[in-house]
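Heads up, the thing below is written out as structure tokens.
Nothing fancy with the numbering, it's 1 onward along the sequence.
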Amino acid sequence: MGVKAIIATLLLMLTVSAAWAQDLAGQWQGLLHTPRGDLRVAFTFVKGDHGIQATMYSIDQGGGRVAGTATTQGQKMSLAIPAIAATYDGMFSADVKTIEGTFRQAGGSMPLSLKQASAEEAWAIPAPPAALRQMPASAAPKVDVSSVKPSHPEAQGIGITMRDVRTLVAMNTPVTFLIGFAYDLHPKQVIGAPSWAGSERYDLAVQADIE
């Protein structure tokens, strides 16, 4: 590569980095192509004292929001979302209005192109659900109804949600994730479980016998 080409490349990297720093505001969105169909996802970013804080919204799955952190280097952008064991790696376009990349989660990978949306283009993000009423501290719930079955082999992504104070639903979820959800741990903090607990996936619904 000639000197002029090297200088041009460095200038492009500096331009992209500077533009990114100026254009954090707004919503970035795109379609996540999964084996079960496309899902609309959106991201917002806030540049703070400790780096770039990101929030991911899965719009077609109820608008659930998950926190993450992002880093940039030249045209490259990396995003880590530890709570769902996911990462995203992409490349900015020259005008810093789109990102072409790959979303990875629990061993699977899916293409994801993001676009910085205008106010008119931005998808509406569902309001967060109302805070769940807590069971009394003296409650001793037992399982009233349960359904557990292996997930479809080609299923992508992981989902755990409380539909109400007594109903837990999980999709394509390893046992280590369920333990982490129950005890507010990252799955990697679950130590000593058999290997299948982190590799085999299950769909389940569990309902307690009290409200």
Mind checking the OG1-CG spacing from T34 to L39? Nearest 0.5 Å is all I need.
5.0 Å
For R65, enumerate each residue passing the side-chain hydrogen bond (donor to acceptor under 3.5 Å, both in side chains) test, keeping only those at least two apart in sequence or located in another chain.
none
Can you list the residues that meet the side-chain hydrogen bond (donor to acceptor under 3.5 Å, both in side chains) rule with S113, with sequence neighbours excluded?
E100
Report yes or no: do L112 and M110 belong to one cluster of Ile/Leu/Val/Met/Phe/Trp/Tyr joined by side chain heavy-atom distances under 4.5 Å?
yes
Distance-only side-chain donor-acceptor flag, T167 / Q207, under 3.5 Å:
yes
What's the verdict on side-chain hydrogen bond (donor to acceptor under 3.5 Å, both in side chains) for T102 and D89, showing C-alpha distance, side-chain angles and the deciding distance?
CA-CA 6 Å; T102 302; D89 295 291; over 6 Å; no
Looking only at non-hydrogen atoms, find the nearest pair between P82 and A67 and report the distance.
CD-O, 4.3 Å
Shortest non-hydrogen contact between I179 and V190, atoms and distance
CG2-CG2, 3.9 Å
Listed by chain and number, what are the side-chain contact (heavy atoms from CB on, under 4.5 Å) partners of V66, not counting sequence neighbours?
I81, A83, I84
Over all atoms of both residues, closest heavy-atom pair of Y88 and L114
CE2-CD1, 3.7 Å
Listed partners of Y202 passing side-chain contact (heavy atoms from CB on, under 4.5 Å), at least two apart:
V148, V175, W196, E200
Kindly compute the distance separating CD (Q116) from CG (D95), expressed to the nearest 0.5 Å.
9.5 Å
Residue set satisfying side-chain hydrogen bond (donor to acceptor under 3.5 Å, both in side chains) with Y57, at least two apart, ordered chain then number -> none
Please verify the inter-ring angle class for W28 with F92; under 30° counts as parallel, over 60° as perpendicular, anything in between as tilted.
perpendicular
side-chain hydrogen bond (donor to acceptor under 3.5 Å, both in side chains) against T98, all qualifying residues, sequence neighbours excluded:
S93
Ignoring hydrogens, what is the shortest heavy-atom contact between T176 and G198? Give both atom names and the distance.
OG1-CA, 3.7 Å
Tell me every residue that passes side-chain contact (heavy atoms from CB on, under 4.5 Å) with T173, counting only those two or more places apart in sequence or in another chain.
I158, I160, A170, F177, L178
By salt bridge (charged side-chain N to carboxylate O under 4.0 Å, His left out), which residues pair with D38, not counting sequence neighbours?
none
Looking only at heavy atoms, which two atoms of V41 and S58 are closest? And how far apart?
CG1-CA, 4.4 Å
Restricting to side-chain contact (heavy atoms from CB on, under 4.5 Å), what partner residues turn up for A117, sequence neighbours left out?
Q29, E121, A122
CG-CD1 distance between L32 and I59, expressed to the nearest 0.5 angstrom
12.0 Å
Between R40 and D60, does any NZ, NE, NH1 or NH2 come within less than 4.0 Å of an OD or OE carboxylate oxygen?
yes
Tell me the salt bridge (Lys or Arg N to Asp or Glu O under 4.0 Å) pairs involving residues 26-35, sequence neighbours left out?
none
